[in-house]
Every structure is written in structure tokens, then in C-alpha cells.
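Here's the structure we're looking at; comments come further down.
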Amino acid sequence: MGSLTIRNLDDAVIARLKAQARENERSLEGEVRHVLKREVSRPPRAAEFFARADALAATTVDARQTDSTALVREDRVR
């Protein structure tokens, strides 16, 4: 396993992490590990989502596309 050093971290951030660690019955190091793991495990951010959507759309360039707004309106009428 690797290790990481973080310099110049704001004192308020450290205080909040210490408080969270106490609330979660973890050490400060354990809390930081938990927060970092949680953050990098989250679903892709908007930019990644749109990049993936563009890549998928590029696979259907020759296919006729329907504006989803029209489909939603049509569905509401039913």
C-alpha cells in the first residue's frame, strides 16, 4: 500500500475531520482513508458523464434520433 502526505491543509478542515472521526469511532487517519475512498468510488462526475454520452451518440451517427422532449410530451398525453 502507498502512503500520501498532504501539506498546507486548512486547520478548519482538520478540525472537521477530527470531529467526524470521533463521531464515526475512527482514528483521524482512518477517517481520511474512508473519505478519500468514498470520494473516488462515487459515480462519474458530470463532465465524465457527458463525455461518455457523446461517445455513445457517436456510435449511432447514421441513426435517426428523436428529441426526448417530444417523447415526454407524447407520453404525458396518454
Side-chain angles (χ1 to χ4, degrees):
M1 294 237 172
S3 55
L4 175 69
T5 300
I6 302 172
R7 292 182 175 84
N8 301 320
L9 194 57
D10 188 84
D11 290 337
V13 172
I14 295 170
R16 182 63 189 128
L17 284 167
K18 285 180 179 181
Q20 280 180 214
R22 275 192 305 275
E23 291 168 10
N24 295 317
E25 298 180 353
R26 287 192 270 262
S27 66
L28 176 59
E29 184 177 338
E31 187 66 20
V32 170
R33 244 192 322 272
H34 173 77
V35 169
L36 288 171
K37 184 176 180 179
R38 182 186 67 212
E39 287 303 311
V40 299
S41 299
R42 285 192 175 182
R45 307 248 189 250
E48 294 166 338
F49 172 81
F50 289 118
R52 178 71 176 132
D54 289 342
L56 288 171
T59 66
T60 60
V61 172
D62 296 329
R64 184 176 160 273
Q65 303 294 318
T66 304
D67 182 2
S68 62
T69 306
L71 295 173
V72 170
R73 285 190 182 128
E74 181 182 310
D75 196 42
R76 288 181 180 162
V77 171
R78 288 189 223 177

For this session: Look at the side-chain heavy atoms of Ile, Leu, Val, Met, Phe, Trp and Tyr, link any pair under 4.5 Å apart, and say whether Val35 and Leu4 land in one connected group.
Result: yes
Problem set entry | Criterion side-chain contact (heavy atoms from CB on, under 4.5 Å) on Thr5 and Arg7, from CA distance to verdict | CA-CA 6 Å; Thr5 300; Arg7 292 182 175 84; 4.0 Å; yes
Exercise. Are there more than 12 heavy atoms of other residues, nucleotides or ligands under 6.0 Å from atom CD of Glu39?
Worked result: yes
Seminar exercise, completed: Here the pair of heavy atoms bringing Leu17 nearest to Glu31 is O-CG, 3.8 Å
Exercise. Does Ala63 offer a backbone N or O that forms a donor-acceptor pair with the side chain of Thr60 under 3.5 Å?
Worked result: no
Problem set entry | Closest non-hydrogen atom pair between Ala21 and Ser27, with its separation | CB-O, 3.7 Å
Exercise. In Å, rounded to the nearest 0.5 Å, how long is the span from CG of Asp67 to CZ of Arg73?
Worked result: 8.0 Å
Problem set entry | Linked, directly or transitively: Phe49 and Leu56 (ILVMFWY side chains, under 4.5 Å) | no
Problem set entry | Approximate separation, where rounding is to 0.5 Å, of Ser3 OG and Glu29 CD | 9.5 Å
Exercise. For the atom pair CG (Asp10) and CZ (Arg16), what is the distance rounded to the nearest 0.5 Å?
Worked result: 14.0 Å
For this session: Applying salt bridge (charged side-chain N to carboxylate O under 4.0 Å, His left out), run through Glu48 and Arg52 and close with a yes or a no.
Result: CA-CA 6 Å; Glu48 294 166 338; Arg52 178 71 176 132; over 6 Å; no
For this session: Check the surroundings of atom CG in Asp54: do more than 12 heavy atoms from other residues, nucleotides or ligands lie under 6.0 Å from it?
Result: yes
Exercise. Roughly how far, to the nearest 0.5 Å, is the CZ atom of Arg42 from the NZ atom of Lys37?
Worked result: 14.5 Å
Exercise. Can you check whether Leu71's main-chain N or O pairs, donor with acceptor, with Asp75's side chain at less than 3.5 Å?
Worked result: no
